[in-house]
There are 4 protein chains.
Amino acid sequence: MTNHINTLSQRQLKSVQTRNKLLGAARKVFIDQGFQKTTITQIIKDAELGYGTAYVHFKNKDDILIALIEDVMNQFYKIADLPFRPTTKDEAERTIRKQVGSFLELAKQEQRILAVVEEAIGQSPIVQAKWNDIRERFVEGIAKDITYSQENNLAYPDVDPLLAGKGWFYSNEMFLWEITKRDGKMNLEDIVHNLTTMYVRGLYK
Amino acid sequence: MTNHINTLSQRQLKSVQTRNKLLGAARKVFIDQGFQKTTITQIIKDAELGYGTAYVHFKNKDDILIALIEDVMNQFYKIADLPFRPTTKDEAERTIRKQVGSFLELAKQEQRILAVVEEAIGQSPIVQAKWNDIRERFVEGIAKDITYSQENNLAYPDVDPLLAGKGWFYSNEMFLWEITKRDGKMNLEDIVHNLTTMYVRGLYK
Amino acid sequence: MTNHINTLSQRQLKSVQTRNKLLGAARKVFIDQGFQKTTITQIIKDAELGYGTAYVHFKNKDDILIALIEDVMNQFYKIADLPFRPTTKDEAERTIRKQVGSFLELAKQEQRILAVVEEAIGQSPIVQAKWNDIRERFVEGIAKDITYSQENNLAYPDVDPLLAGKGWFYSNEMFLWEITKRDGKMNLEDIVHNLTTMYVRGLYK
Amino acid sequence: MTNHINTLSQRQLKSVQTRNKLLGAARKVFIDQGFQKTTITQIIKDAELGYGTAYVHFKNKDDILIALIEDVMNQFYKIADLPFRPTTKDEAERTIRKQVGSFLELAKQEQRILAVVEEAIGQSPIVQAKWNDIRERFVEGIAKDITYSQENNLAYPDVDPLLAGKGWFYSNEMFLWEITKRDGKMNLEDIVHNLTTMYVRGLYK
DNA sequence: AATGAATGAGACTTCATTCAT
DNA sequence: CATGAATGAAGTCTCATTCAT
């Protein structure tokens with residue numbers, strides 16, 4: 001019985017190793033060639049595996065990228081879900097500044113793979129859907145935060161939470177993409193400072 | 001002699017007609033199928049012309065799209081170059097509101113072809129370069145406007161004109177793309193109002 | 001000792017069970033998808049067994065079908081070997097009618113798997129050989145019956161037993177395939193009656 | 001103007017030549033390898049043409065075979081439509097004998113390509129449909145002939161024209177396939193004689 | 001006996017592009 | 001200028017089969 005289990009897990013182990021080999025090769029090729037130019041053939045060759053092996057583990061190119069970015073995507077969700085319960089304008093600003101900082105920091109850390117993601121968004125409906133989901137989660141979160149701030153008399157009431165949330169996230173997102181495209185040549189602190197200052201001043205009393 | 005000239009211009013006329021036929025067909029197919037799925041073959045068939053004819057007039061698919069959107073691009077340049085010399089915060093707000101309005105109005109008018117452009121930006125380096133040019137023109141213009149406002153003591157001085165300009169344009173741009181994707185279901189006025197209000201309040205004293 | 005024997009036969013039992021599971025799944029998939037579109041992969045999945053398991057029991061797709069239709073093939077052999085010793089034209093007709101009836105009845109009963117067999121005949125040399133064997137057995141049997149009838153002055157002597165046997169069986173066979181293709185929408189009695197009447201009148205005095 | 005027409009027809013000529021080259025190569029490869037084993041790649045290589053060229057002229061493998069057998073198929077239609085207006089049993093027999101003779105003669109002449117057709121019938125729905133069409137045309141024709149003979153009191157009335165027609169054609173068809181499979185080793189005259197004799201005796205008074 | 005991950009040959013198909021007319 | 005037949009590179013994906021456990 002133990003034997004049986006061992007056999008199984010050994011196999012599973014090998015399978016996982018192969019999968020990781022594929023993902024490693026994919027990461028390399030994607031970053032090197034970009035999403036469009038990358039072919040499954042290249043990934044397989046780089047992974048030094050058999051031709052059909054990729055198809056044992058993944059359905060197609062999109063599927064590989066999705067698997068590859070799962071972790072990063074989850075980190076985005078975490079940032080989107082950061083709690084927001086300020087009692088003063090200053091506290092709000094600090095919290096917002098933190099969120100923006102984490103967001104752009106993540107962009108910097110995962111710069112190269114996110115550059116691939118940006119390209120893929122324009123080409124793979126599935127990747128696009130994934131990103132839209134993240135976008136929506138952020139926008140909804142921000143809209144709630146704005147509503148909360150208005151209800152607590154911290155923010156101007158003449159602002160549509162959803163539209164303002166969109167506008168705010170869109171700014172952030174575009175800086176995210178800009179960061180992924182320029183190799184570390186941007187000063188994140190400046191960006192965070194400017195963005196937050198203007199946003200808070202425009203929204204909070 | 002006159003005969004010769006006539007023959008020549010007749011040829012030129014025909015050539016222009018052919019080119020327009022191609023552009024007309026391209027517009028149709030692009031809007032119908034999107035940038036990626038559109039093939040030169042399809043455009044040619046739709047234009048009821050010979051296979052090689054497209055290559056007489058255009059280098060490739062990107063080239064066709066570029067030609068197709070030239071007018072729209074120029075309209076964007078015009079909006080980017082709108083003059084900005086306000087003497088009061090109110091005047092600034094009115095001018096800005098006008099610019100945003102024109103910008104998003106253009107998005108609505110050219111909705112379908114701009115949807116193609118968005119797709120193409122992620123796939124064609126040339127189209128991307130074209131759009132980046134427009135983006136830069138806008139950002140630079142806005143940065144100048146901010147600097148002007150700061151120099152004239154209308155705007156807060158603690159803001160980096162370039163970063164603020166980017167953030168502001170990025171919001172606008174993302175709404176632009178959102179408008180191109182949703183068939184006229186968005187209330188432009190609301191968007192313009194919210195965006196401008198927050199921006200002006202965040203930037204102007 | 002007994003224990004050892006038990007262990008062995010238990011293994012054999014399991015093996016037989018696995019084999020039957022495979023055959024059951026194969027029947028289902030073959031009938032569902034047809035011979036060509038059926039893949040060993042599908043059969044294995046449907047049987048919920050391991051990928052390599054099929055190869056322990058069968059050599060390939062053809063081999064599985066062969067095993068699957070063994071029973072039906074044997075029933076055909078039985079019908080082909082039906083005794084024929086009539087003393088009058090009427091007796092001959094009754095016997096022939098019976099044989100044809102059994103033949104087409106079997107077609108109706110095993111309709112779905114025979115439809116697969118027909119497809120496989122055109123694609124698998126082994127299945128084709130199997131069917132040719134049955135065909136030959138029938139033709140030879142009929143030729144003998146004709147010779148017998150001629151020797152006993154029941155049938156016209158101006159007929160080549162082998163050619164006549166072929167012609168007669170061919171008619172029957174084609175009706176067999178037609179029956180397998182149309183779901184029970186054919187009136188077997190009418191077919192049997194017409195075929196036999198014409199055959200007997202054409203052959204027997 | 002003449003020039004224009006000439007240019008066109010020269011092109012068309014070349015195109016037709018290419019098509020014929022393809023068909024010639026296809027004929028060779030089909031006969032050599034059979035339908036299943038033949039690949040478009042092989043045909044193209046044999047025709048010494050470019051890879052995509054086959055797809056300019058034909059949609060797929062089936063399409064090539066269809067084009068290749070068009071002539072033969074038409075000859076079958078001609079035989080199926082042979083007129084039948086006998087006034088005596090003898091005349092009927094002569095006419096039928098002629099039709100059967102032509103039918104099997106055609107099989108002999110086009111033996112090799114028909115062997116491919118038989119294989120293809122079991123694999124390509126389109127080829128199957130084509131052959132079913134021919135089969136139906138024959139069966140319908142024969143059924144009409146039988147009806148005519150019954151109405152003119154030449155044939156026994158206790159026979160269903162459609163079923164008898166099928167049975168009769170099925171015999172013939174199976175001999176056709178047998179002929180295509182055995183290289184000219186069959187004596188057509190014997191077959192024709194036996195088939196016709198039995199059929200006429202079984203049907204005609 | 002059973003397993004199932006890995007393999008890789010190879011079929012199919014599309015499409016941008018060329019070039020002779 | 002216009003044409004369109006011909007080209008062939010390139011990529012996707014399937015599936016029978018092997019073999020170590």
Side-chain angles (χ1 to χ4, degrees), chain A residues 3-4 6-19 21-22 37-42 44 47 49-61, chain B residues 8 10-19 22 37-42 44-45 49-57 59-61, chain C residues 8 10-19 22 38-42 44-45 49-57 59-61, chain D residues 3-4 6-19 21-22 37-42 44 47 49-57 59-61:
Chain A
N3 193 354
H4 186 55
N6 270 346
T7 306
L8 264 185
S9 10
Q10 278 229 350
R11 266 200 196 163
Q12 284 174 337
L13 189 70
K14 262 227 156 163
S15 177
V16 169
Q17 281 175 347
T18 304
R19 196 186 132 101
K21 234 194 221 166
L22 276 167
K37 291 189 70 180
T38 293
T39 66
I40 290 190
T41 310
Q42 279 175 301
I44 284 166
L49 289 168
Y51 212 98
T53 308
Y55 290 93
V56 174
H57 294 274
F58 304 101
K59 232 182 75 197
N60 51 37
K61 202 166 74 169
Chain B
L8 262 186
Q10 280 216 348
R11 264 201 193 177
Q12 287 172 336
L13 189 69
K14 256 242 157 149
S15 175
V16 169
Q17 281 176 345
T18 305
R19 196 186 131 99
L22 275 168
K37 290 189 72 181
T38 293
T39 65
I40 291 194
T41 308
Q42 277 176 300
I44 285 168
K45 273 187 189 158
L49 290 168
Y51 267 53
T53 307
Y55 291 90
V56 175
H57 295 274
K59 231 183 72 199
N60 50 36
K61 198 166 76 171
Chain C
L8 263 184
Q10 280 214 350
R11 264 202 191 175
Q12 287 174 335
L13 188 69
K14 255 238 155 154
S15 174
V16 170
Q17 281 175 344
T18 304
R19 196 186 131 100
L22 275 168
T38 293
T39 66
I40 291 193
T41 307
Q42 277 176 300
I44 283 169
K45 273 188 190 156
L49 290 168
Y51 266 54
T53 307
Y55 290 91
V56 175
H57 294 275
K59 231 182 74 200
N60 51 36
K61 199 165 78 171
Chain D
N3 193 353
H4 186 55
N6 270 345
T7 306
L8 263 186
S9 14
Q10 278 227 350
R11 267 203 195 162
Q12 286 173 336
L13 189 69
K14 260 227 157 164
S15 176
V16 169
Q17 281 173 346
T18 305
R19 197 187 131 103
K21 232 194 221 168
L22 274 168
K37 289 189 72 178
T38 293
T39 66
I40 290 189
T41 310
Q42 279 175 302
I44 283 167
L49 288 169
Y51 213 98
T53 309
Y55 290 91
V56 174
H57 294 274
K59 230 183 73 199
N60 50 37
K61 203 165 74 170

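Below, read A as the first sequence line, B as the second, and so on, with proteins coming before strands; counting in each chain starts at 1.
Take the nearest nucleotide of DNA chain E for A/His57 and for C/Thr18: the residue whose nucleotide is more 5' is C/Thr18. Taking for each of C/Ile40 and A/Lys37 the nucleotide of DNA chain F with the nearest heavy atom, the 5'-most of the two is the partner of A/Lys37. Nearer the 5' end of DNA chain F, as judged by each residue's closest nucleotide, is the contact made by D/Gly50, out of C/Thr41 and D/Gly50. Along DNA chain E, the nucleotide nearest B/Gly52 and the nucleotide nearest D/Thr38 are compared for position; the residue whose nucleotide lies closer to the 5' end is D/Thr38.
Rounding to the nearest 0.5 angstrom, the gap separating the OH atom in A/Tyr55 from the CD1 atom in A/Ile44 is 6.5 Å. For the atom pair A/Lys21 NZ and A/Leu49 CG, the distance stands at 5.0 Å (nearest 0.5 Å). Note that CZ of A/Arg19 and CD of A/Gln12 are 13.0 Å apart. Values are rounded to the nearest 0.5 Å. B/Gln17 CD to B/Lys14 NZ: the interatomic distance, rounded to the nearest 0.5 Å, is 7.5 Å.
If you take NZ of B/Lys61 and C1' of E/dT17, they are 14 Å apart, rounded to a whole angstrom. Taking atom CG of residue A/Leu13 and atom C1' of nucleotide E/dG4, one finds them 15 Å apart after rounding to whole Å. For the pair A/Tyr51 OH and E/dG10 P, the computed distance is 14 Å after rounding to whole Å. Summarising the geometry, the separation between CD on D/Gln12 and P on F/dA6 is reported as 12 Å, rounded to the nearest angstrom. Taking atom CZ of A/Arg19 as the reference point, atom P of E/dG4 lies 18 Å away to the nearest angstrom. We find that CD of C/Gln42 is positioned 17 Å from C1' of F/dT17, with the value rounded to whole Å.
Within 4.0 Å of C/Ile44, counting heavy atoms only, lies no atom of the nucleic acid at all. At a threshold of 4.0 angstrom between heavy atoms, the contacts of D/Lys14 are confined to the sugar-phosphate backbone, with no base atom among them.
Between the side chains of D/Tyr51 and D/Thr41, at least one donor-acceptor pair of N or O atoms lies under 3.5 Å.
Across E/dT14, E/dA16, F/dC1, the shortest atom-to-atom separation from the side chain of D/Tyr55 is found for E/dT14. Of the candidate nucleotides F/dT7, F/dA2, E/dT14, F/dA2 has the atom lying nearest to any side-chain atom of B/Thr53.
Here E/dC19 sits opposite F/dG4 as a Watson-Crick or G-U wobble pair (both hydrogen-bonding atom distances under 3.5 Å). Summarising the base pairing, E/dA1 is matched to no nucleotide, lacking a Watson-Crick or G-U wobble pair whose two defining distances lie under 3.5 Å.
Residue B/Ser15 places at least one side-chain N or O under 4.0 Å from the OP1 or OP2 atom of F/dC1.
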